[in-house]
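One structure is given below, encoded as structure tokens.
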Protein chains: 2
Amino acid sequence: MARMHYTRDNMAGLLRSHDINPTHQRIEIAHALFSRQEHLSADQVMAIVNTRHSETSKATVYNTLKLFLEKGLVREVIVDPSKVFFDPNTSPHHHLYEVDTGRLSDIDAEQVQISGLPPLPAGMVTEGIDLIVRVRRKA
Amino acid sequence: MARMHYTRDNMAGLLRSHDINPTHQRIEIAHALFSRQEHLSADQVMAIVNTRHSETSKATVYNTLKLFLEKGLVREVIVDPSKVFFDPNTSPHHHLYEVDTGRLSDIDAEQVQISGLPPLPAGMVTEGIDLIVRVRRKA
DNA sequence: TCCGGATATTAGACAAAGTCCAGATTGCCG
DNA sequence: CGGCAATCTGGACTTTGTCTAATATCCGGA
């Protein structure tokens, strides 16, 4: 993806290009995710968006993240049973999860190869393949 | 792993061989998991164990599953943000998750090959590699 | 400009999964 | 039997996320 500055104005364009009506709150949430290129949980998004004074409700944060997900603007990463992370990087890639710190980072899919997967059951389509490497600091 | 009958007596041996004191409740929980070779959530385990009349408390089910996990008797599978599954199959394998039904099944690791993973960050050891194929019934 | 409907947002009640704790039980050993 | 350690328990609590009914905002047309 071409490099760009993640200004709030650009966010509006990004949202529109994904068929999302760019409202105030949606722009803030998109900005939170895209300006840091990080994996954030709903909680973290809420905290960021509401730093100064409360601006966006919990319901809206959840609604918006779900909407972004449906529209393919972000990806969901399920590595920790206690919370879901949202990933602004939608290009194919995998994840490295540091179990003890909770840090989550990307592994480019380019050079990784997965082969020998059995055929899918009839009438099924793949929705996605998640590869998660769980690591821990050496004792 | 050699085939065997998952009787309650054998469960006691299995627990002992994993350095777990085989109590009544632990045997029941192990039996629930190993007699059906399925992925069960804590809820499901509790339901199975307490079919006739309530016998085992929620706290014990959670404590016991966590203990089994630490002792390497079962594996945790995180595919659904709303619940964790416990997998009595600890041999290396991957998972196929049917998103719409919630069904989870095994993919033998034998013929699957993953290559080209980047080197780990210094001082880190791999705790496990989870490969999850998410599928959905074709529309 | 004003109106009306569609779209968004909100607070707060609610639900589900999981944790925690202090007290009761159990099992074992002398 | 008495006592100690390990285990189990009910129930309160926390966290993440969902739902709902009411309100606010936006926008196009008269």
Side-chain angles (χ1 to χ4, degrees), chain A residues 8 11-12 15-16 18-33 39-50 52-71 73-74 76-87 99 102 104, chain B residues 8 11-12 15-16 18-33 39-50 52-71 73-74 76-87 99 102 104:
Chain A
R8 285 174 175 74
M11 286 304 102
L15 293 182
R16 260 185 288 265
H18 281 258
D19 201 24
I20 297 171
N21 198 348
T23 67
H24 210 28
Q25 289 88 337
R26 288 172 181 172
I27 289 173
E28 286 305 314
I29 291 173
H31 187 252
L33 278 163
H39 307 82
L40 300 178
S41 65
D43 258 24
Q44 292 174 306
V45 169
M46 191 152 34
I48 291 169
V49 169
N50 290 338
R52 305 187 158 282
H53 28 67
S54 183
E55 288 163 9
T56 304
S57 74
K58 184 166 60 148
T60 298
V61 171
Y62 278 98
N63 288 344
T64 301
L65 289 172
K66 195 189 286 182
L67 179 67
F68 285 5
L69 199 57
E70 282 164 10
K71 299 295 188 177
L73 197 58
V74 301
E76 211 178 20
V77 187
I78 304 170
V79 286
D80 182 318
S82 74
K83 65 184 60 162
V84 173
F85 288 96
F86 293 88
D87 187 346
V99 174
L104 183 61
Chain B
R8 285 173 174 74
M11 286 303 103
L15 294 182
R16 259 186 289 263
H18 282 257
D19 200 22
I20 297 171
N21 197 350
T23 67
H24 199 32
Q25 288 90 336
R26 289 172 181 172
I27 289 173
E28 286 306 314
I29 291 173
H31 184 70
L33 278 163
H39 308 81
L40 300 178
S41 65
D43 258 25
Q44 292 173 307
V45 169
M46 192 154 31
I48 291 169
V49 169
N50 291 337
R52 307 186 156 281
H53 29 67
S54 183
E55 288 164 8
T56 303
S57 73
K58 184 166 59 147
T60 297
V61 171
Y62 279 98
N63 288 342
T64 301
L65 289 172
K66 194 188 287 181
L67 180 68
F68 285 4
L69 199 57
E70 283 164 11
K71 299 294 188 178
L73 196 59
V74 300
E76 210 179 19
V77 186
I78 304 170
V79 285
D80 183 317
S82 74
K83 64 185 60 160
V84 173
F85 288 96
F86 293 88
D87 187 346
V99 174
L104 183 61

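Keep in mind it's a predicted model, so treat the numbers as computed, not measured. Below, chains carry the letters A, B, ... as their sequence lines are ordered, and counting in each starts from 1.
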request  = Specify the separation, in whole Å, of atom CD of B:Glu28 and atom C1' of D:dT7.
outcome  = 16 Å
key: All side-chain contact (heavy atoms from CB on, under 4.5 Å) counterparts of B:Ser82, not counting sequence neighbours   = B:Asp80
message = Under the rule for side-chain contact (heavy atoms from CB on, under 4.5 Å), what residues qualify as partners of B:Lys58, not counting sequence neighbours?
response = B:Met46, B:Tyr62
ask   = Does D:dT9 have OP1 or OP2 sitting under 4.0 Å from an N or O in the side chain of B:Ser57?
value = yes
ask   = Which residues satisfy the side-chain hydrogen bond (donor to acceptor under 3.5 Å, both in side chains) test with A:Thr60, sequence neighbours excluded?
value = A:Ser57
query = Could you go step by step and tell me if A:Val74 and A:Leu33 meet the side chain to side chain contact (heavy atoms under 4.5 Å, CB included) rule?
reply = CA-CA 9 Å; A:Val74 301; A:Leu33 278 163; 4.0 Å; yes
ask   = Is the backbone of A:Glu55 close enough, under 3.5 Å, to the side chain of A:Asn50 for a donor and an acceptor to pair up by distance?
value = yes
key: Smallest separation among heavy atoms of A:Ile27 and A:Ala12, with atom names   = CD1-CB, 4.1 Å
task = Mind checking side-chain hydrogen bond (donor to acceptor under 3.5 Å, both in side chains) for B:Gln44 and listing every partner two or more places apart, or none if nothing turns up?
result = B:Ser41
message = Can you pull out the residues from residues 18-25 of chain A that lie within a 4.0 Å heavy-atom distance of DNA chain D?
response = none
ask   = Can you check the A:Glu55 CD to D:dT25 P distance for me, whole Å?
value = 14 Å
query = salt bridge (Lys or Arg N to Asp or Glu O under 4.0 Å) with A:Arg16: which residues, sequence neighbours excluded?
reply = none
task = Could you tell me which residues satisfy side-chain contact (heavy atoms from CB on, under 4.5 Å) with A:Ile20, sequence neighbours excluded, listed by chain and number?
result = A:Leu15, A:His18, A:Arg26, A:Leu67, A:Phe68, A:Lys71, A:Leu73
task = Rounded to 10°, tell me the angle between the two end axes of the helix from C:dT1-D:dA30 to C:dG30-D:dC1, each built from five pairs.
result = 0°
ask   = First contact, last contact: which nucleotides of DNA chain C are these for chain A, 5' to 3', heavy-atom distance under 4.0 Å?
value = C:dA8 to C:dA13
request  = Measure across A:Val49 and A:Ala32 and return the closest heavy-atom pair with its distance rounded to 0.1 Å.
outcome  = CG2-CB, 4.3 Å
Minimal non-hydrogen separation, A:Val79 against B:Ile78, with atom names = O-CD1, 3.3 Å
ask   = Does B:His39 reach the main-chain N or O of B:Phe85 with its side chain, forming a donor-acceptor pair under 3.5 Å?
value = no
note = Going 5' to 3' through nucleotides 16-21 of chain D and flagging B where a protein heavy-atom sits under 4.0 Å of the base, S where only the sugar-phosphate is that close, and - otherwise, we get SBBB--
query = Which residues satisfy the side-chain contact (heavy atoms from CB on, under 4.5 Å) test with A:Val84, sequence neighbours excluded?
reply = A:Glu76, A:Phe86, B:Pro81
